[in-house]
2 protein chains.
Amino acid sequence: MNNHEKYTRYSGAQSVTEALKFLEGRWKLLILFQLFGGQIMRFSELERAIPGITQKMLGQQLKQLEKDGIIKRTAYPEVPPRVEYSLTQWGQDLCPALDALLTWTGKRPR
Amino acid sequence: MNNHEKYTRYSGAQSVTEALKFLEGRWKLLILFQLFGGQIMRFSELERAIPGITQKMLGQQLKQLEKDGIIKRTAYPEVPPRVEYSLTQWGQDLCPALDALLTWTGKRPR
DNA sequence: TTCCATACATACTTTTTTGTATGTACTTGT
DNA sequence: ACAAGTACATACAAAAAAGTATGTATGGAA
């Protein structure tokens with residue numbers, strides 16, 4: 001099944017735009033790709049794994065992704081603090097869409 | 001075939017980010033959805049079809065999309081001028097990826 | 001001669017996003 | 001008493017994207 005019958009030109013454009021808003025920004029995909037495949041990572045691990053990201057940006061984007069239901073945050077009441085991030089089911093469901101985008105860029109002429 | 005073996009966490013994230021850059025912005029998808037299905041449209045038709053868009057934004061985004069190889073511009077040397085826009089093959093190849101994104105948003109919990 | 005339609009261009013302002021620098025809370029180890 | 005490690009928060013500045021207003025070239029019609 002495809003979606004051609006569920007959406008009009010307008011609602012289709014709008015829905016895709018909405019989907020992209022979840023992923024837009026300079027850092028979100030870098031964060032998500034760290035978590036694909038069931039990975040679980042701490043704040044400081046992500047910070048180290050993504051060169052150039054600042055704590056502010058990391059915190060901000062993680063908060064957004066969590067609010068959007070793409071990642072899950074788990075805090076352990078320890079000192080020093082420990083917080084773990086992983087994908088939600090819906091976050092994992094992103095894979096086919098990202099795959100399709102990769103396939104598309106792969107087709108680019110020249 | 002899927003793309004999991006062609007990309008690392010970094011190159012995958014980077015490639016998807018690059019793909020999204022072609023589509024980002026408030027108007028591009030609205031423009032593209034007007035052209036899907038082999039549609040051919042003039043500047044002024046697009047302007048009327050997309051409520052709220054300004055001539056500046058329309059011109060700017062069309063220029064970007066053309067430069068990126070997603071749409072094709074054809075100008076007829078008439079007065080008053082006539083210019084037609086349509087998708088390139090690569091632009092039409094976007095469909096499956098957008099479909100996948102629509103499917104993803106459709107799965108969103110709540 | 002002035003007007004009209006089309007497809008833009010350009011200067012400027014506002015809004016949004018990103019980056020920089022610095023600060024905080026908590027507790028264990030020295 | 002103080003430094004150390006972790007996961008943030010916050011004020012401010014810079015850069016990028018979007019919006020507003022106005023201008024331009026063309027040639028045929030009135």
Side-chain angles (χ1 to χ4, degrees), chain A residues 13-14 16-35 39-68 70-87, chain B residues 13-14 16-35 39-68 70-87:
Chain A
Q14 202 179 322
V16 176
T17 299
E18 199 190 332
L20 291 194
K21 276 207 309 209
F22 294 129
L23 308 176
E24 267 175 77
R26 187 167 161 193
W27 304 106
K28 279 188 186 165
L29 285 165
L30 286 163
I31 295 170
L32 292 178
F33 270 78
Q34 294 294 327
L35 299 175
Q39 237 63 35
I40 299 177
M41 291 181 81
R42 301 182 55 170
F43 188 92
S44 53
E45 281 184 285
L46 287 166
E47 202 184 338
R48 279 189 297 271
I50 303 173
I53 200 169
T54 61
Q55 289 189 326
K56 178 198 162 184
M57 283 319 219
L58 180 55
Q60 196 173 284
Q61 308 293 71
L62 286 171
K63 200 184 286 182
Q64 267 287 325
L65 290 167
E66 191 204 353
K67 182 179 135 216
D68 291 339
I70 296 171
I71 65 173
K72 189 162 70 87
R73 190 189 110 111
T74 314
Y76 299 88
E78 301 172 2
V79 166
R82 180 160 63 100
V83 180
E84 291 183 344
Y85 293 92
S86 59
L87 290 177
Chain B
Q14 202 180 323
V16 176
T17 299
E18 199 190 331
L20 292 194
K21 277 207 307 210
F22 293 129
L23 309 176
E24 268 175 77
R26 186 167 162 195
W27 303 106
K28 279 188 186 165
L29 286 164
L30 286 163
I31 295 170
L32 292 178
F33 269 78
Q34 294 294 329
L35 299 175
Q39 238 63 35
I40 298 178
M41 291 181 81
R42 301 183 55 171
F43 189 93
S44 53
E45 281 185 284
L46 287 166
E47 201 183 338
R48 279 189 295 275
I50 304 173
I53 200 169
T54 60
Q55 289 189 325
K56 178 198 162 184
M57 285 322 261
L58 181 56
Q60 194 172 285
Q61 308 291 70
L62 286 172
K63 199 184 288 183
Q64 266 289 324
L65 288 167
E66 190 204 355
K67 182 179 135 214
D68 292 339
I70 296 171
I71 65 174
K72 189 162 68 86
R73 189 189 111 111
T74 313
Y76 299 89
E78 302 170 3
V79 166
R82 180 161 63 100
V83 180
E84 291 182 343
Y85 293 93
S86 59
L87 290 178

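Each chain gets a letter, A, B and so on, in the order its sequence line appears, and its residues count up from 1. Note that these values count all heavy atoms, side chains included, but never hydrogens, waters or copies made by symmetry.
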Between atom [atom1] in [X] and atom [atom2] in [N], what is the gap in whole Å?
X: A/Glu24; N: D/dA16; atom1: CD; atom2: P; answer: 16 Å
X: A/Leu58; N: C/dT20; atom1: CG; atom2: P; answer: 15 Å
X: A/Leu20; N: D/dA17; atom1: CG; atom2: P; answer: 15 Å
X: B/Gln60; N: D/dA21; atom1: CD; atom2: P; answer: 17 Å
X: A/Met57; N: D/dA9; atom1: CE; atom2: C1'; answer: 14 Å
X: B/Glu47; N: C/dT6; atom1: CD; atom2: P; answer: 9 Å
X: B/Glu84; N: C/dT6; atom1: CD; atom2: P; answer: 14 Å
X: A/Lys28; N: C/dT18; atom1: NZ; atom2: P; answer: 8 Å

Name the closest nucleotide to the [X] side chain, picking from [options].
X: A/Arg26; options: D/dT20, C/dG19, D/dT6; answer: C/dG19
X: A/Pro81; options: C/dG19, C/dA7, D/dG5; answer: D/dG5
X: B/Lys56; options: C/dC12, D/dG23, C/dT20; answer: C/dC12
X: A/Lys63; options: C/dA7, D/dA9, D/dA21; answer: D/dA9
X: B/Val83; options: D/dT20, C/dA5, C/dA7; answer: C/dA7
X: B/Val79; options: D/dA18, D/dG27, C/dA9; answer: D/dG27
X: B/Arg73; options: C/dC8, D/dA18, C/dT20; answer: C/dC8
X: B/Thr54; options: C/dG19, C/dA7, D/dT20; answer: D/dT20

Can you find a side chain N or O atom of [X] that sits less than 4.0 Å from OP1 or OP2 on [N]?
X: A/Ser44; N: D/dT6; answer: no
X: B/Tyr85; N: C/dC8; answer: yes
X: B/Arg82; N: D/dG27; answer: no
X: B/Arg42; N: C/dT6; answer: no
X: A/Trp27; N: C/dG19; answer: yes

### Message
Counting only heavy atoms from other residues, nucleotides and ligands, does the tally under 6.0 Å from CD of A/Glu47 exceed 12?
### Response
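Yes, because the 6.0 Å sphere around CD of A/Glu47 holds more than 12 heavy atoms from other groups.
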### Message
If you apply the rule side-chain contact (heavy atoms from CB on, under 4.5 Å), what do you find for A/Tyr85 with A/Leu65, and how did you get there?
### Response
CA-CA 10 Å; A/Tyr85 293 92; A/Leu65 290 167; over 6 Å; no
For the [atom1] atom of [X] and the [atom2] atom of [Y], what is their distance to the nearest 0.5 Å?
X: A/Leu30; Y: A/Gln61; atom1: CG; atom2: CD; result: 10.0 Å
X: A/Trp27; Y: A/Ile53; atom1: CH2; atom2: CD1; result: 5.5 Å
X: B/Arg73; Y: B/Glu66; atom1: CZ; atom2: CD; result: 6.5 Å

### Query
Taking only residues at least two apart or on different chains, which pairs with a member in residues 74-83 of chain B satisfy side-chain hydrogen bond (donor to acceptor under 3.5 Å, both in side chains)?
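side-chain hydrogen bond (donor to acceptor under 3.5 Å, both in side chains) check on residues 74-83 of chain B returns B/Tyr76-B/Glu84, B/Glu78-B/Arg82, B/Arg82-B/Glu84.
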